[in-house]
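Excluded from the calculations below are hydrogen atoms, water molecules and symmetry mates; all remaining heavy atoms, backbone and side chain alike, are included. In what follows, residues are counted from 1 in the order of the sequence shown.
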Amino acid sequence: MLEPLVEVPTRTLVHALLRRDGTVAADELYEVAGLLAMSDQQVRLSIKRLVAAGEFEVVGRGRRAVLRAAADLRRALGAEVRFVGFAYRQDRGLEPWDGRWHLVAFAVPEAERQSRDALRREILYLGGAPVQGGLYVSANAWEPLIDEAVRRLGGSATVTTATTRDLAVAGERDPRRLAARLWPVAEIAQRWTRLAVVAGARLAHLDAHPDLGRGERLRFAIEVATLFDEAAQPDPLLPPELLPDPWPGAEGRALAARCWARLATQDDGQHRIFTHYDGAIPDLGAG
């Protein structure tokens with residue numbers, strides 16, 4: 001069995017088959033799951049969980065059904081596509097840091113705790129790091145995203161934004177040391193390193209076995225996607241100027257793109273996956 005092993009969640013498979021219109025065909029989902037040695041029962045349970053979580057609704061029955069992504073999921077996936085595209089632009093030196101730190105502070109009454117908690121989760125999702133109670137910082141210009149989140153989440157949140165070139169936290173002013181203090185840079189690096197190892201191993205296997213079967217090619221693509229997602233979710237996409245050099249995120253993303261592009265060129269058009277990332281990841285749509 002090919003090492004290292006990667007456990008592929010059924011949820012990742014569902015998202016991989018999401019078409020540009022926000023739907024997943026159940027017959028294709030069951031077929032691809034079978035190619036990946038997943039049982040019909042696994043698929044049915046995954047669909048039930050996704051529906052219960054409010055991510056999808058199901059129209060129709062059995063293999064003729066269609067899964068329709070909920071508005072919140074489509075919004076989240078759209079944001080992820082933009083973040084992924086931003087990361088690849090950073091890797092190509094197209095998003096240099098201007099030296100500014102971007103701050104947001106908010107205060108929400110205790111009576112509106114739900115809105116307060118939702119706003120906090122959104123700020124953390126956007127890569128913000130807590131500085132002290134109610135104050136968060138990002139190295140990227142996130143003001144339009146913060147404004148959109150406040151409008152969407154509602155409530156009577158009082159939000160203040162500011163930028164500065166002179167940020168000091170507990171006396172530390174050096175930008176790179178500040179980044180390592182505010183964000184779990186070492187942990188994020190380990191996740192990208194694991195992606196690089198797996199994507200490199202899969203590329204080597206593809207070189208040695210050019211006639212690899214469809215099921216294995218699909219598994220490779222989704223294994224790499226699983227680790228990509230695990231690394232990207234906690235990554236605030238700090239500018240390269242604030243990260244160790246070399247940064248394993250750039251290598252991991254480059255190897256993932258090469259792996260996906262190789263698999264796309266070997267595909268005959270059937271089971272085209274990750275179409276919602278076309279344009280964000282270099283050469284992904286080459287096939």
Side-chain angles (χ1 to χ4, degrees), residues 76 79-108 115-150 153 157-197 227-256 280:
E80 288 180 13
V81 171
R82 291 192 293 274
F83 295 153
V84 167
F86 180 77
Y88 278 102
R89 291 197 303 275
Q90 281 184 323
D91 295 341
R92 298 196 298 272
L94 301 178
E95 297 286 351
W97 191 43
D98 64 1
R100 293 181 184 272
W101 299 99
H102 299 259
L103 300 164
V104 60
F106 68 94
V108 180
S115 294
R116 181 187 63 194
D117 292 345
L119 183 57
R120 181 184 295 113
R121 286 193 299 269
E122 190 75 11
I123 288 171
L124 294 173
Y125 171 72
L126 293 174
V131 178
Q132 59 189 56
L135 178 63
Y136 296 80
V137 63
S138 170
N140 298 313
W142 62 352
E143 287 79 8
L145 299 175
I146 294 294
D147 290 344
E148 188 277 331
V150 172
L153 296 172
T158 300
V159 175
T160 301
T161 58
T163 62
T164 181
R165 293 180 181 272
D166 184 22
L167 178 66
V169 178
E172 181 60 74
R173 282 186 165 83
D174 179 79
R176 187 166 290 186
R177 288 198 293 269
L178 263 178
R181 179 190 183 99
L182 292 167
W183 288 276
V185 172
E187 177 187 337
I188 294 167
Q190 290 176 352
R191 291 171 180 256
W192 287 117
T193 297
R194 187 178 182 223
L195 170 64
V197 169
L227 296 184
F228 191 106
D229 186 61
E230 289 179 1
Q233 285 299 323
D235 192 341
L237 299 181
L238 295 170
E241 294 87 344
L242 301 180
L243 294 168
D245 186 17
W247 174 241
E251 180 187 15
R253 287 187 289 267
L255 287 170

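A heavy-atom distance below 4.5 Å is not found between the side chains of Asp245 and Pro240. Proximity of Asn140 to Pro239: side-chain heavy atoms (C-beta onward) are separated by under 4.5 Å at one or more points. Contact of the Pro175 side chain with the Leu242 side chain is registered, since non-hydrogen atoms from C-beta on lie closer than 4.5 Å. By the 4.5 Å heavy-atom criterion applied to side chains, Thr158 and Phe106 are not counted as neighbours. Looking at Val169 and Trp101, their side chains never come closer than 4.5 Å, going by heavy atoms from C-beta outward. With a 4.5 Å cut-off on side-chain heavy atoms, Thr160 and Val104 do not count as touching. With contacts defined as side-chain heavy-atom distances shorter than 4.5 Å, the pair Leu126/Ile146 qualifies. Taking the side chain as every heavy atom from C-beta outward, Leu103 and Thr164 approach each other to under 4.5 Å.
Remark: Phe86 engages no residue in a ring-ring contact (aromatic ring centres under 6.0 Å, His included) (not counting sequence neighbours). For Ala79, the side chain to side chain contact (heavy atoms under 4.5 Å, CB included) test picks out Arg82, Phe83, Tyr125, with sequence neighbours left out. Considering only residues two or more places apart in sequence or on other chains, Trp183 meets the ring-ring contact (aromatic ring centres under 6.0 Å, His included) condition with none of them. Residues satisfying the side chain to side chain donor-acceptor pair (under 3.5 Å) criterion with Arg100, sequence neighbours excluded, are absent altogether.
Counting all heavy atoms, side chain and backbone alike, His102 lies closest to Thr163 at ND1-CG2, 3.3 Å. The minimum heavy-atom distance linking Ala189 with Trp247 is given by the pair CB-CZ3, 3.6 Å. Of all heavy-atom pairs between Pro236 and Ile188, the closest is CD-CD1, 3.5 Å. Minimum heavy-atom separation, Leu238 to Ala139: CD2-CB, 4.1 Å. The nearest pair of heavy atoms linking Val137 to Leu182 is CG1-CD1, 3.7 Å. Between Tyr88 and Ala254 the shortest heavy-atom distance is CE2-N, 4.4 Å.
Residue pairs meeting the salt bridge (charged side-chain N to carboxylate O under 4.0 Å, His left out) criterion with at least one partner in residues 130-142, sequence neighbours excluded, are absent. Screening residues 135-148 for salt bridge (charged side-chain N to carboxylate O under 4.0 Å, His left out), with sequence neighbours left out, gives Glu148-Arg152.
A donor-acceptor contact shorter than 3.5 Å links the side chain of Gln90 to the backbone of Leu237. Between the side chain of Arg165 and the backbone N or O of Asp98, at least one donor-acceptor pair lies under 3.5 Å. A donor-acceptor contact shorter than 3.5 Å links the side chain of Arg176 to the backbone of Leu243.
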Arg191/Glu230 under salt bridge (Lys or Arg N to Asp or Glu O under 4.0 Å): CA gap, chis, key distance, verdict: CA-CA 7 Å; Arg191 291 171 180 256; Glu230 289 179 1; 5.3 Å; no
Stepwise, does the side-chain contact (heavy atoms from CB on, under 4.5 Å) test hold for Leu119 with Val150? CA-CA 7 Å; Leu119 183 57; Val150 172; 4.1 Å; yes
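Ring centroids of Tyr136 and Trp142 are separated by 6.0 Å or more, keeping the two rings apart.
Once rounded to the nearest 0.5 Å, the distance linking CD of Glu172 with CG of Leu178 reads 5.5 Å. Atoms CH2 and CG, on Trp192 and Leu255 in that order, are 11.5 Å from each other to the nearest 0.5 Å.
Between Glu95 and Arg89 a salt bridge is recorded (basic side-chain N to carboxylate O distance below 4.0 Å).
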